[in-house]
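Here's the structure, in structure tokens; my notes come after.
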Amino acid sequence: MRRKLQVLLIDEEGLLRDGLCAMINLEEGFAVAGSSRQPRPPHRLCPTDPDLIVADFGAPPYAASRR
């Protein structure tokens with residue numbers, strides 16, 4: 001059995017975040033390692049280093065840096 005890719009989700013919209021978590025966990029080979037409303041250092045959001053980070057860069061504090 002192959003190791004599942006660990007995904008970290010960061011999005012301020014709870015409904016979207018929950019939906020993405022459910023969809024990712026249904027996919028073979030993927031598992032949600034953690035999720036958060038706001039960006040924080042990855043080691044504070046999940047116990048292992050994630051293989052993939054999915055983040056909303058339109059949300060604070062990222063949005064301010066794009067102006």
Next on the checklist: As an exercise, state the distance from CZ of R2 to CD of E28, rounded to the nearest 0.5 Å.
Outcome noted: 8.0 Å
Next on the checklist: Restricting to non-hydrogen atoms, name the atom on L8 and the atom on P50 that form the minimum distance, rounded to 0.1 Å.
Outcome noted: CB-CB, 3.8 Å
Item to check | Interatomic distance, R37 atom CZ to E13 atom CD [nearest 0.5 angstrom] | outcome: 8.0 Å
Checklist entry - Mind checking what makes salt bridge (charged side-chain N to carboxylate O under 4.0 Å, His left out) contact with R3, not counting sequence neighbours? => result D51
Checklist entry - To which residues is L26 joined in a hydrophobic cluster, defined by side-chain heavy-atom contacts under 4.5 Å among Ile, Leu, Val, Met, Phe, Trp and Tyr, whether direct or through other members? => result none
Checklist outcome for this item: For S35 and R17, the nearest pair of non-hydrogen atoms, with its separation, is CB-CD, 3.8 Å
Item to check | Residues clustering with I24 (ILVMFWY side chains joined when closer than 4.5 Å, directly or via others) | outcome: L5, V7, L9, L16, L20, F30, V32, L52, V54
